[in-house]
Amino acid sequence: MKPPNTLANKSLADFKVGVDNVIFSVDTQLNRLLVLLIKRREEPFSNYWSLPGTLVRNGESLETAAYRILAEKISVNNLYLEQLYTFGSPEGDSPAAAESFGKRYLSVSYFALVRFEEAKLITERDYNITWYMIDKVPDLAFNHGQILAYGWRRLRNKVEYSPVAFEVLPELFTLNDLYQFYETILGKNFSDYSNFRNRLLKLGFLKDMGLKVSRGAGRPASLYRFDEKAFAPFKDQPLVFV
């Protein structure tokens, strides 16, 4: 039998490595999930919106490059960041690929989650940057629509099975704050509020701080804090939060 054709006799691929970030923000005030987009000023895909991307510098780790993108685009204290997926094609499929046009481009994508009211856009740079509602995103440059769709699926799955919300929320929060955070990402009626409240309190890793806050005409609400030590026994379990 003739052996299958392999790449053994071909030259090694000449490619650049870059990072593309899917940066989500949760606006619980208006119940909106948004994603950060940048309008490209150069070819290819001039005047198309794209995800923030960059080439990895010499001596720079992938995660450091991902954090650099964040720091260049927004100012925020509380965030969650995770590597998403690696995309690659011989044509090059990212904004940063334009910088290395003619070479193969390997894109390592990350997704980040922040709160809209806390994240401040850095607008003094020379590019057009804005938040887009997730269901209003236009056609994106390169394969960024595919990356965004993948990131959105990962985000919804992540908030259901891990304590991501507590890395983004302020240290003290009400149960309604937490419920609205989940509702913004997962959609209305994802869970009955009473069931949501009872389930999380029963798990025992939300600590009642003995403080109350008044918002609007309703009764004062208790403030809670995520107790990481109490959560430790659940860390490696397939825990459903909602």
Side-chain angles (χ1 to χ4, degrees), residues 21-36 63 66-67 69-71 73-84 109-120 131 134 150-216 218-242:
N21 277 8
V22 187
I23 305 172
F24 294 106
S25 68
V26 179
D27 181 3
T28 55
Q29 297 287 329
L30 298 178
N31 196 31
R32 303 181 302 168
L33 179 65
L34 305 112
V35 63
L36 190 66
E63 186 173 277
Y67 275 113
I69 295 173
L70 280 161
K73 306 299 184 285
I74 60 175
S75 174
V76 65
N77 292 322
N78 300 311
L79 67 91
Y80 178 80
L81 180 73
E82 178 183 303
Q83 189 173 130
L84 180 62
S109 59
Y110 281 76
F111 84 87
L113 183 63
V114 300
R115 287 187 302 125
F116 177 74
E117 58 265 37
E118 184 186 10
K120 306 301 181 185
W131 294 108
I134 196 70
Y150 193 93
W152 191 11
R153 289 196 301 270
R154 174 73 70 83
L155 172 62
R156 294 197 298 269
N157 181 266
K158 199 74 181 180
V159 297
E160 289 184 359
Y161 292 94
S162 71
V164 172
F166 306 112
E167 298 195 37
V168 180
L169 286 168
E171 182 180 3
L172 301 183
F173 52 84
T174 68
L175 290 177
N176 190 57
D177 291 336
L178 186 59
Y179 182 79
Q180 288 182 334
F181 187 92
Y182 276 97
E183 184 181 63
T184 301
I185 296 174
L186 299 176
K188 289 183 179 296
N189 303 317
F190 77 94
S191 174
D192 175 80
Y193 175 75
S194 295
N195 291 337
F196 175 84
R197 177 184 185 279
N198 293 337
R199 174 171 176 74
L200 286 183
L201 291 180
K202 186 177 179 180
L203 290 169
F205 51 72
L206 295 185
K207 183 177 180 180
D208 190 336
M209 301 303 294
L211 302 172
K212 292 186 180 295
V213 61
S214 295
R215 293 174 183 167
R219 291 185 303 173
S222 297
L223 288 171
Y224 291 82
R225 179 177 63 82
F226 176 62
D227 189 336
E228 191 170 357
K229 186 175 180 180
F231 177 75
F234 302 103
K235 190 171 183 180
D236 297 319
Q237 297 182 23
L239 180 68
V240 179
F241 278 70
V242 298

Which residue, Gln83, Glu63, Glu82, forms the side chain to side chain donor-acceptor pair (under 3.5 Å) with Tyr110?
-> Gln83
Just how far is it from atom CG of Asn21 to atom CD1 of Ile69, taken to the nearest 0.5 Å?
-> 4.0 Å
Should Phe111 and Tyr150 count as side-chain neighbours, where that means a heavy-atom distance under 4.5 Å?
-> no
Any sub-3.5 Å donor-acceptor pair from Asn198's side-chain atoms to Ser194's backbone N or O?
-> yes
Within the distance-only criterion (no hydrogens, no angle test), does the side chain of Arg154 pair as donor or acceptor with the backbone N or O of Leu84 below 3.5 angstrom?
-> yes
Any side-chain heavy-atom pair of Tyr80 and Val159 under 4.5 Å = no
dist Leu172:CG -> Met209:CE (nearest 0.5 Å) comes out at 5.5 Å
Taking distance alone, no hydrogens or angles, what donor-acceptor pairs closer than 3.5 Å link side-chain atoms of residues 218-235 to residues at least two apart or in another chain?
from	atom 1	to	atom 2	distance (Å)
Ser222	OG	Lys212	NZ	2.9
Asp227	OD1	Lys229	N	3.1
Asp227	OD1	Ala230	N	3.2

Trace of the side chain to side chain contact (heavy atoms under 4.5 Å, CB included) decision for Phe173 with Phe181 = CA-CA 11 Å; Phe173 52 84; Phe181 187 92; over 6 Å; no
Do the side chains of Tyr179 and Phe190 get nearer than 4.5 Å, heavy atoms only?
-> yes
Can you name the closest pair of heavy atoms from Glu160 and Leu186 and give their distance?
-> OE2-CD2, 3.8 Å
Between CG of Leu206 and CG of Leu175, what distance do you get to the nearest 0.5 Å?
-> 6.5 Å
Distance (rounded to the nearest 0.5 Å) between Asn195 CG and Lys202 NZ | 11.5 Å
Do the side chains of Ile74 and Trp131 get nearer than 4.5 Å, heavy atoms only?
-> yes
Asn189 atom CG, neighbour heavy-atom count above 12 within 6.0 Å | no
CD of Glu171: more than 12 outside heavy atoms within 6.0 angstrom?
-> no
If you look only at pairs with a residue in residues 182-196, which of them pass as a salt bridge (Lys or Arg N to Asp or Glu O under 4.0 Å), with sequence neighbours excluded?
-> none
Donor-acceptor contacts, no H, no angles, side chain residues 22-35, under 3.5 Å, sequence neighbours left out:
from	atom 1	to	atom 2	distance (Å)
Asp27	OD1	Gln29	N	3.2
Asp27	OD1	Leu30	N	3.4
Asp27	OD2	Arg32	NE	2.9
Asp27	OD2	Arg32	NH2	2.8
Asn31	OD1	Thr184	OG1	3.2

Reported CG-to-CG distance for the pair Leu113 and Leu169, which is rounded to 0.5 angstrom | 9.0 Å
Check: Glu167 and Asn78 side chains under 4.5 Å, non-hydrogen atoms = no
